There are 2 protein chains.
Amino acid sequence: MDVNVKTEGAAPLLHTHPGFERGANGSCPMRDVLDRIGDTWSLLVIINLQPAPMRFNALRRSIEGISQRMLTVTLRSLERDGLVRRTVRPTTPPEVEYALTDIGQSIAVPIAALGLWAQRNQPLLQQARERFDATNA
Amino acid sequence: MDVNVKTEGAAPLLHTHPGFERGANGSCPMRDVLDRIGDTWSLLVIINLQPAPMRFNALRRSIEGISQRMLTVTLRSLERDGLVRRTVRPTTPPEVEYALTDIGQSIAVPIAALGLWAQRNQPLLQQARERFDATNA
DNA sequence: CCGTATCCATTTGGATACTG
DNA sequence: CAGTATCCAAATGGATACGG
């Protein structure tokens, strides 16, 4: 099992993973999309909106720990990227409903897959972490 | 507890998405895992290590824009969580090889799915963003 | 009910310089 | 080659107060 790998020529072994290759601007689609939905709350908002549209405060209650400010900021960002649609009904008091767009629904699929992975592997990560911390005491 | 809730359309619809439900500690697996791999560089490191193990500087060259410090920090974090294995060969100069573990390989699958989504939908997000910014000029 | 505005502590991460 | 150490600017995000 000799692993004498000498291939160290800065070999361009990228472009093998769709979405991760770099474009002309030097960034890659994955980096770009992560900059949009890779923050603290976006994925949680998306997944909570996936079954059905929700109003602002209902959404806020269902996402434990999110502040009013961050929910507003997150929703604006998602709306800006076309993942969420905001509908206002000018009643008194006003009702604002948030819903996933078609694109928003489509990204919910791979996100849910990641969620499933997280659920199944969280204990393993926790164990690995404890082992690591114990070893490097 | 808040009972002054007039939930008209919005039903209590959580716990429907695996990995996103909250546990006793108030957090959910998804939140927990995102805190680990949701940073700027982790996903890019994982996807670059997926085809084959790589040495430190080769990895650094293949991830454009990453600083030496952040590559070290990211790799330590991934190693701590058991997603990456670090192998040192005490030669001169030393050779350090990084490889995905089995768990690391397994998370690369949903990540790749997200990458594929990113590749296909980046233009749509960009268009939506420009439309939004134009409207709210 | 659904926000916006302001303030401020914490975190993040690049630049730089230095080691075995 | 593969790091570590230090410094510091910028981004993040909670708390709070106020407005339509």
Side-chain angles (χ1 to χ4, degrees), chain A residues 4-11 26-27 31 34-45 49 53-80 84-99 136, chain B residues 2-10 26-27 31 34-45 48-49 53-80 84-99 136:
Chain A
N4 195 358
V5 182
K6 278 261 182 138
T7 54
E8 156 49 328
S27 76
R31 209 14 322 113
L34 274 181
D35 287 341
R36 289 163 148 102
I37 52 100
D39 58 281
T40 312
W41 301 109
S42 286
L43 293 196
L44 291 172
V45 168
L49 285 180
M54 290 183 83
R55 290 176 57 186
F56 186 86
N57 278 333
L59 199 49
R60 186 180 174 187
R61 278 187 297 271
S62 67
I63 304 177
E64 191 165 4
I66 195 170
S67 65
Q68 188 176 35
R69 193 182 97 92
M70 287 317 296
L71 181 54
T72 301
V73 168
T74 303
L75 285 169
R76 284 290 174 280
S77 171
L78 294 174
E79 187 193 2
R80 189 181 179 218
V84 159
R85 177 171 38 249
R86 179 174 181 268
T87 310
V88 185
R89 274 183 303 195
T91 59
T92 44
E95 296 181 8
V96 182
E97 190 185 71
Y98 292 93
N136 305 40
Chain B
D2 188 7
V3 270
N4 191 8
V5 181
K6 210 167 116 176
T7 51
E8 58 177 275
S27 76
R31 202 33 305 117
L34 274 181
D35 287 341
R36 289 163 147 103
I37 53 101
D39 58 283
T40 313
W41 302 110
S42 286
L43 292 195
L44 291 172
V45 168
N48 273 279
L49 285 180
M54 290 184 83
R55 290 175 57 185
F56 186 86
N57 278 333
L59 199 48
R60 186 180 174 186
R61 278 187 296 271
S62 66
I63 303 176
E64 191 165 5
I66 195 170
S67 65
Q68 187 176 36
R69 193 181 98 90
M70 287 318 295
L71 182 53
T72 301
V73 168
T74 303
L75 284 169
R76 284 290 175 279
S77 171
L78 293 174
E79 188 194 2
R80 188 181 179 218
V84 159
R85 177 172 37 250
R86 180 174 180 267
T87 310
V88 185
R89 274 182 303 194
T91 59
T92 45
E95 296 182 8
V96 181
E97 191 186 71
Y98 291 93
N136 306 41

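Note: hydrogens, waters and symmetry copies are ignored here, and every other heavy atom, side chains too, is used. Labels below follow one simple rule: chain letters A, B, ... track the order of the sequence lines, proteins then strands, and each chain is numbered from 1. In this text, all values refer to a predicted model and were calculated from it rather than measured experimentally.
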Margin query: Once rounded to the nearest 0.5 Å, what's the spacing between atom CG of A:L49 and atom CZ of A:R85?
Written below: 11.0 Å
Next item on the list: Report the distance from atom CZ of A:F56 to atom C1' of D:dG20, rounded to the nearest whole Å.
Entry: 15 Å
Check: Between D:dC1 atom C1' and B:M54 atom CE, what is the distance in whole Å?
Finding: 14 Å
Next item on the list: Calculate the interatomic distance between A:R89 atom CZ and C:dC2 atom C1'; express it in whole Å.
Entry: 14 Å
Checklist line | Short side-chain N/O contact from A:R76 to OP1 or OP2 of C:dT4, under 4.0 Å | finding: yes
Check: Is a donor on one side and an acceptor on the other found under 3.5 Å between the side chain of A:R31 and the backbone of B:T40?
Finding: yes
Item checked: Whole angstrom value for the distance that separates P of C:dT11 from CG of B:D35 -> 13 Å
Checklist line | Length of the line joining B:L75:CG and D:dC1:C1', which is rounded to integer Å | finding: 14 Å
Notebook entry, point to check: Do B:Y98 and B:L78 come within less than 4.5 Å of each other through their side chains, counting heavy atoms only?
Noted result: no
Next item on the list: Work out which heavy atom in B:L75 is nearest to a heavy atom in B:V84; give both atom names and the distance.
Entry: CD2-CG1, 4.4 Å
Checklist line | Protein-nucleotide distance (A:I63, atom CD1; D:dG14, atom C1'), rounded to Å | finding: 16 Å
Check: Just how far is it from atom CD1 of B:I37 to atom OG1 of B:T74, taken to the nearest 0.5 Å?
Finding: 12.0 Å
Item checked: Proximal nucleotide (of C:dT4, D:dT4, C:dC2) relative to the B:Q68 side chain -> D:dT4
Margin query: If you only use heavy atoms from C-beta on, which nucleotide in C:dC1, D:dT4, D:dA2 is closest to the side chain of A:N57?
Written below: C:dC1
Check: NA contact type, A:R60, heavy-atom cut-off 4.0 Å: base, sugar-phosphate, or nothing?
Finding: nothing
Checklist line | Any B:R55 side-chain N or O less than 4.0 Å from OP1/OP2 of D:dA2 | finding: yes
What pairs of nitrogen or oxygen atoms, one from the protein and one from nucleotides 10-13 of chain D, lie under 3.5 Å apart?
from	atom 1	to	atom 2	distance (Å)
D:dG13	OP1	A:T40	OG1	2.2
D:dG13	N7	A:R69	NH2	2.7

Check: Counting N and O atoms only, with roles assigned by atom type, does the side chain of B:S62 sit under 3.5 Å from a partner on the main chain of B:L59, one being a donor and the other an acceptor?
Finding: yes
Next item on the list: Just jot down the side-chain hydrogen bond (donor to acceptor under 3.5 Å, both in side chains) partners of B:R60, sequence neighbours excluded, or say none.
Entry: none
Item checked: Nearest heavy atoms of A:V88 and A:P90, plus distance in Å -> O-CD, 3.8 Å
Notebook entry, point to check: Atom CD1 of B:I66 to atom P of C:dG13: distance rounded to whole Å?
Noted result: 10 Å
Next item on the list: For the pair A:T72 (side chain) and A:Q68 (backbone), establish whether a donor and an acceptor sit closer than 3.5 Å, ignoring hydrogens and angles.
Entry: yes
Margin query: Need the bend value for the helix from C:dC1-D:dG20 to C:dG20-D:dC1: angle between end axes, 5 pairs each end, nearest 10°.
Written below: 50°
Item checked: N/O (side chain, A:Y98) to phosphate O (OP1/OP2, C:dG3) under 4.0 Å -> yes
